[in-house]
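Letters go in sequence order (proteins before strands), and every chain restarts at 1.
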2 protein chains.
Amino acid sequence: MSRPTLADVAARAGVAISTASRALHRPGRIRAETAARVRAAADELGYVPSAAARQLHRSSAGAVALVVPDLTNPFFMALVRGSTRLLRAHDVVQVVADVEEEPESEEQTLAALAGRVDGMLLAASRLDAATLSTWSRRVPLVAVNHDAGDPEVPTVTIGTQGVEEAVEHLAGLGHRHLAYASGPATSWADARRRTAVVETCARLGVRLTDLGHHPPRRDAGAAAADAVLRSGATAVLTFNDLQAFGVLDRLASRGVQVPEDVSVIGHDDIFGADLTSPALTTVTVPAEELGARAAARLLGAVGLATAAPSAPPAATGPASTGPDRLATHLTVRGSTAPV
Amino acid sequence: MSRPTLADVAARAGVAISTASRALHRPGRIRAETAARVRAAADELGYVPSAAARQLHRSSAGAVALVVPDLTNPFFMALVRGSTRLLRAHDVVQVVADVEEEPESEEQTLAALAGRVDGMLLAASRLDAATLSTWSRRVPLVAVNHDAGDPEVPTVTIGTQGVEEAVEHLAGLGHRHLAYASGPATSWADARRRTAVVETCARLGVRLTDLGHHPPRRDAGAAAADAVLRSGATAVLTFNDLQAFGVLDRLASRGVQVPEDVSVIGHDDIFGADLTSPALTTVTVPAEELGARAAARLLGAVGLATAAPSAPPAATGPASTGPDRLATHLTVRGSTAPV
DNA sequence: ACCCTACTGGCAAACGTTTGTCACCGCGTC
DNA sequence: GACGCGGTGACAAACGTTTGCCAGTAGGGT
């Protein structure tokens with residue numbers, strides 16, 4: 001009582017398996033009347049070709065995986081959307097996997113998915129550089145916003161201009177003591193972002209307090225907010241907007257005015273950043289473009305880029321061109337003000 | 001220069017293919033020394049077993065697909081998270097696909113995915129009942145929040161208690177004229193929700209204006225807000241929170257006070273619903289549980305439910321028990337007030 | 001009457017894996 | 001010394017599909 005196979009369809013139509021296969025995929029190759037009979041049989045049986053068998057014959061799966069640390073983070077949703085669009089245009093199936101910020105879960109997912117796709121997009125991987133390099137030797141992959149330092153691992157990242165602008169913006173408002181709330185210790189992006197903050201502060205002669213690592217979640221913002229108040233800083237930059245939301249929540253419930261008492265700057269400009277009150281000043285990241293760019297790189301690497309994308313003709317452009325470091329910029333809203 | 005196969009590994013280790021296979025998957029069956037040699041060879045070659053070939057031999061893919069209309073909608077993120085958790089606990093790979101609210105894209109995705117998974121979860125499908133029934137005959141699927149009316153199609157839905165409570169809440173605050181902003185015309189959930197509003201209004205003797213269909217996006221809320229003001233209603237219920245956010249945006253920019261001038265109630269209680277100012281009164285939906293329940297149903301249907309889930313032992317429970325209609329309730333925040 | 005061509009449909013191999021079955025080896029036992 | 005036995009490894013079949021190749025047929029031109 002398993003799913004019907006091509007053999008069942010062929011039997012019901014009274015033809016050979018090969019004829020059935022051609023009737024379904026080689027228009028013109030089989031007489032119209034025969035082909036119609038085969039299609040009818042397939043329809044009645046509810047036949048669905050087994051992708052596994054097909055994939056076994058061709059050597060390609062026609063699918064790529066996108067692995068993200070946390071699907072409930074709006075930032076990654078936007079990234080997903082970007083890669084989805086591009087991949088669909090090239091008739092490549094995308095499978096998305098959420099690893100819930102767990103490195104073990106991430107590696108487990110890689111193992112489970114590696115054999116069923118032609119390549120993988122690893123967004124903000126929490127894996128260390130060595131593990132990433134190892135996997136890169138096993139399966140074509142593109143690291144998004146995580147540079148393993150291994151030139152063999154193709155990488156698409158974002159620049160730190162936005163972070164520098166953020167610090168400059170605060171300094172320009174007269175802030176002389178900032179605080180930075182770090183993200184996960186295993187996040188490459190956090191290390192990079194923190195370095196940019198440190199250097200810019202040094203350059204501008206602004207004092208900086210490092211608040212330590214906090215999970216990239218909204219509820220982690222409470223601890224960060226308390227740390228800010230203890231530090232005496234007049235402004236805080238957080239690793240991402242989710243944390244910034246939490247900081248805003250906590251400051252409000254402690255009666256601290258934003259931006260009058262403390263200025264807050266997030267990172268990513270995710271969905272909701274303009275909903276808070278005050279609306280969040282944050283670093284805008286072209287998440288959708290990031291996803292699309294990474295997907296394009298991967299397609300180029302695995303040779304899946306169709307010459308003529310089926311959907312939008314010019315918009316997506318050649319699959320593997322363009323810079324692999326995207327620019328970011330500060331978007332000023334209401335959560336920052338002069339001291 | 002293709003990916004290495006088991007044959008390559010076996011050759012390098014100087015054993016037969018079958019020996020290599022057993023060395024990797026049947027601990028004890030092969031002498032430890034030989035097995036170690038095979039594992040070393042596999043490692044050096046970066047061998048990754050082809051899921052396709054494996055799947056061909058067993059008849060199961062060990063994977064299910066989750067198809068959602070819009071991944072950037074926080075509601076579906078929560079749903080994804082719920083099914084991810086349950087599926088991971090049963091060692092089933094989940095692939096998520098976003099169809100961007102397009103019925104054609106949805107059917108195309110079904111076709112592309114049907115052959116590579118054991119079953120599918122269709123969340124808030126925009127497909128009509130007949131098409132859904134047809135696909136249900138082709139591949140095991142569970143419809144989430146979409147009842148095709150076909151008893152052959154397993155379905156998990158949410159109740160309308162929350163919507164009724166919302167109307168009662170408004171009536172209790174003295175509102176005598178409500179408006180309802182519908183979602184997509186092809187949404188079963190919208191039809192159901194609207195009916196609940198209509199009936200409850202009739203029961204309570206409250207006047208209701210139907211504002212017509214609006215896309216379930218934030219930007220569509222502007223048109224809905226304008227329609228509300230034209231209608232003269234003192235309160236509006238929207239199909240979902242995204243629309244409610246847009247309504248809030250628009251009313252604010254037109255200088256209309258919420259909740260003093262107009263009360264607003266959304267639906268879903270998505271991420272961000274408590275961030276708006278005023279915070280949104282909305283119908284809370286157990287999205288995560290909805291995803292988990294649907295996944296459990298599917299596993300039960302395709303016989304993939306492992307007797308002993310690998311991760312959380314009791315929490316997930318037996319795969320196919322529990323009601324298939326989940327309760328919702330109103331969560332009152334700041335966007336509703338007496339007339 | 002013959003051959004060439006165009007068209008249709010079938011045979012069988014191949015893709016990479018898992019696993020039932022079997023052969024072989026060395027050992028101890030009678 | 002023959003036999004049985006446990007342990008180890010190889011052979012080959014099977015999963016469902018695609019496709020190169022070939023055979024058969026019909027029709028038309030010479």
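Put simply, NE2 on B/His25 is 8 Å from P on C/dT17, counting in whole angstrom units. The nearest whole Å value for the distance from the CZ atom in B/Arg58 to the C1' atom in D/dG16 is 17 Å. Summarising the geometry, the separation between CG on B/Asp8 and P on C/dC15 is reported as 11 Å, rounded to the nearest angstrom. Atom-to-atom, CD of B/Gln55 to C1' of D/dC15 comes out at 11 Å; the value is rounded to the nearest Å. Here C/dT17 presents its P atom at 10 Å from CZ of B/Arg3, a figure rounded to the nearest Å. For the pair B/Arg37 CZ and D/dG9 C1', the computed distance is 11 Å after rounding to whole Å. Distance, A/Arg54 CZ to D/dT18 P: 5 Å, rounded to whole Å. Rounded to whole Å, atom C1' of C/dG10 lies 10 Å from atom CD1 of A/Ile30.
In terms of phosphate contacts, A/Arg31 brings no side-chain nitrogen or oxygen within less than 4.0 Å of OP1 or OP2 of C/dT8.
Among the atoms of the strands shown, none is found under 4.0 Å from any heavy atom of B/Ser59. Base engagement by A/Ser21 is indicated by at least one non-hydrogen atom pair under 4.0 Å involving a base atom. Using a 4.0 Å heavy-atom cutoff across all strands shown, A/Gly115 reaches no nucleic acid atom at all. Here B/Ser18 lies in heavy-atom contact (under 4.0 Å) with a base. Residue contacts for B/Ser50: at a heavy-atom cut-off of 4.0 Å it reaches the sugar-phosphate backbone alone, with no base atom in range. Residue B/Arg26 is classed as a sugar-phosphate contact, given heavy-atom separations below 4.0 Å to backbone atoms only.
Residue-to-nucleotide proximity on DNA chain C shows that, of A/Leu56 and A/Arg29, the 5′-proximal contact is made by A/Arg29.
Using a 3.5 Å distance cut-off with no hydrogens or angles, the side chains of A/Asp147 and A/Thr157 do not pair a donor with an acceptor. Side chains of B/Ser125 and B/Glu106: a donor-acceptor N/O pair is present below 3.5 angstrom, by distance only. For the residue pair B/Thr84/B/Gln94, the side-chain donor-acceptor check at 3.5 Å is satisfied.
B/Leu6 is listed as a side-chain neighbour of B/Ser21, based on a closest heavy-atom distance under 4.5 Å. Looking only at side-chain heavy atoms (C-beta outward), B/Asp324 and B/Thr155 stay at 4.5 Å or farther from each other.
Listed candidates were D/dC15, C/dT17, D/dT17. Nearest to the side chain of A/Ile17 is D/dT17. Distances from the side chain of A/Arg22 to the nucleotides D/dG9, D/dT17, D/dT19 place D/dT19 closest.
Residue B/His57 places a side-chain atom within donor-acceptor reach of the base of C/dT18, judged by atom type and a 3.5 Å distance cut-off alone.
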